[in-house]
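Read the structure below first, then the notes.
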Amino acid sequence: MAAITRLVKRTSSLPCAARRFLSQAPPHKERNVQWVFLGCPGVGKGTYASRLCNLLGVPHIATGDLVRSELASNGPLSSQLSEIVNQGKLVSDEIIISLLSKRLADGEAKGETGFILDGFPRTIKQAEILEGVTDIDLVVNLKIQEEALLAKCLGRRICNQCGGNFNVASISIKGENGRSGMVMAPLLPPAHCMSKLITRSDDTEAVVKERLRIYSEKSQPVEEFYRSRGKLLEFNLPGGIPESWPKLLQALNLYDYEEKQSVAA
Ligand code: ADP
């Protein structure tokens with residue numbers, strides 16, 4: 001644990017509560033954000049976190065990506081990780097913290113500051129460790145209608161060349177009994193990625209259901225952890241990227257910031 005304490009402390013920025021951050025847009029140039037994205041498998045954490053990272057100039061650190069690249073490296077942890085991930089279970093805190101520490105150290109060596117964490121913390125224990133070593137400014141809790149989650153995971157495709165994330169699922173949920181409907185168009189890849197699409201080995205129906213079960217058991221309590229600290233921003237995705245992205249920027253008070261960035265570009 002000393003490693004993450006040392007590393008995260010060195011990359012920490014000024015402490016600031018979510019409310020304070022939200023009243024200050026655009027963000028200070030000299031202070032990079034330290035945010036966390038929470039949400040069920042398939043909700044779109046990676047998609048929105050990586051877009052925000054591009055906008056804010058901070059690294060997108062997804063512990064799922066760290067696990068998958070460790071798996072692909074065929075290193076000493078590979079076979080153990082493959083078994084855990086393909087059963088939809090959580091990797092031990094010890095392994096996750098060691099992968100995250102290494103990622104932060106590599107980033108620090110390249111001069112990175114700030115981050116958006118995606119997929120971490122996923123247990124109360126991980127949240128406590130993180131709280132012990134750095135200040136998180138804001139935790140965004142993404143939500144979507146439950147029926148969409150399985151379909152989104154099963155429709156997920158990744159280009160094995162450029163690493164782009166796409167989705168072939170076309171989702172249409174009827175509004176009924178006071179609940180609003182939702183339409184989500186597929187997010188199709190460009191023609192040159194089409195023949196290189198792969199599906200994650202843990203995106204099968206049985207494994208996704210197990211990941212959703214584990215999320216509600218182990219990760220949902222993390223929402224309350226941050227809610228009770230006044231850091232949680234709940235965001236219900238109204239549909240696909242075209243409907244959701246502008247609304248998310250508004251909720252984060254970053255709408256004008258994006259416009260200024262694109263004018264300056
Ligand atoms: P998703 O959010 O779609 O379930 P991720 O890509 O975030 O998928 O994670 C893939 C897998 O990596 C998880 O099912 C789990 O086995 C492992 N993993 C990722 N982050 C963590 C974490 N913080 N703690 C434990 N295991 C993790």
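Atoms considered below: every heavy atom in the structure, side chains included; atoms not considered: hydrogens, waters and symmetry mates. Please read all numbers here as calculations on a predicted model, not as lab measurements. Ligands are counted one by one from 1 in listed order, and the atoms in each one are counted from 1 as well.
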Can you tell which part of Arg156 has a heavy atom less than 4.0 Å from ligand 1: side chain, backbone, both or neither?
side chain
What is the nearest protein non-hydrogen atom to atom 22 (C) of ligand 1, stated with its residue, atom name and distance?
Arg122 CD, 3.5 Å
Considering only the protein, which heavy-atom contact is closest to atom 8 (O) of ligand 1, and what is its distance?
Arg200 NH2, 3.1 Å
Is the CD atom of Glu146 crowded by more than 12 outside heavy atoms at less than 6.0 Å?
no
Among all protein non-hydrogen atoms, which one is nearest to atom 24 (N) of ligand 1, and what is the separation to 0.1 Å?
Gln126 NE2, 3.0 Å
With heavy-atom distances below 4.5 Å as the criterion, would you say the side chains of Phe37 and Leu138 are in contact?
no
Can you sort out which atoms of ligand 1 are near Phe120, meaning under 4.0 Å from one of its heavy atoms?
23 (N)
Could you list which atoms of ligand 1 come closer than 4.0 Å to a heavy atom of Arg68?
6 (O), 10 (C)
Do Glu234 and Asn141 pair up side chain to side chain, a donor and an acceptor below 3.5 Å, judged on atom types alone?
yes
Side-chain donor/acceptor pairs under 3.5 Å, residues 61-72, sequence neighbours excluded:
residue : atom : partner : partner atom : Å
Thr63   : OG1  : Gly119  : O            : 2.9
Asp65   : OD1  : Arg68   : NH2          : 2.9

Heavy-atom closest pair, residues Leu197 and Pro189:
CD1-CG, 3.7 Å
Just wondering, more than 12 heavy atoms not from Lys247 lying within 6.0 Å of its NZ?
no
For atom 16 (O) of ligand 1, what's the nearest protein heavy-atom neighbour? Residue, atom name and distance, please.
Lys89 O, 2.6 Å
Looking only at protein heavy atoms, what sits closest to atom 23 (N) of ligand 1 is Gly119 O, 2.8 Å
Distance to 0.1 Å, residue and atom name: give those for the protein heavy atom nearest to atom 3 (O) of ligand 1.
Arg211 NH2, 2.8 Å
Is there a path of hydrophobic side-chain contacts, each under 4.5 Å between heavy atoms, that joins Tyr255 and Leu142?
yes
Report yes or no: does a heavy atom of Glu70 sit under 4.0 Å from some atom of ligand 1?
no
Nearest non-hydrogen protein atom, atom 20 (N) of ligand 1
Thr63 OG1, 2.8 Å
Within a distance under 4.0 Å of any heavy atom of Lys45, pick out the atoms of ligand 1 and give their elements.
2 (O)
Close side-chain approach of Asn86 to Val207, heavy-atom, < 4.5 Å:
no
Within 45° cone of Phe225 ring axis and under 6.0 Å: Arg229 NZ or CZ
yes
Where is the nearest protein heavy atom to atom 25 (C) of ligand 1: which residue, which atom, and how far?
Val91 O, 3.2 Å
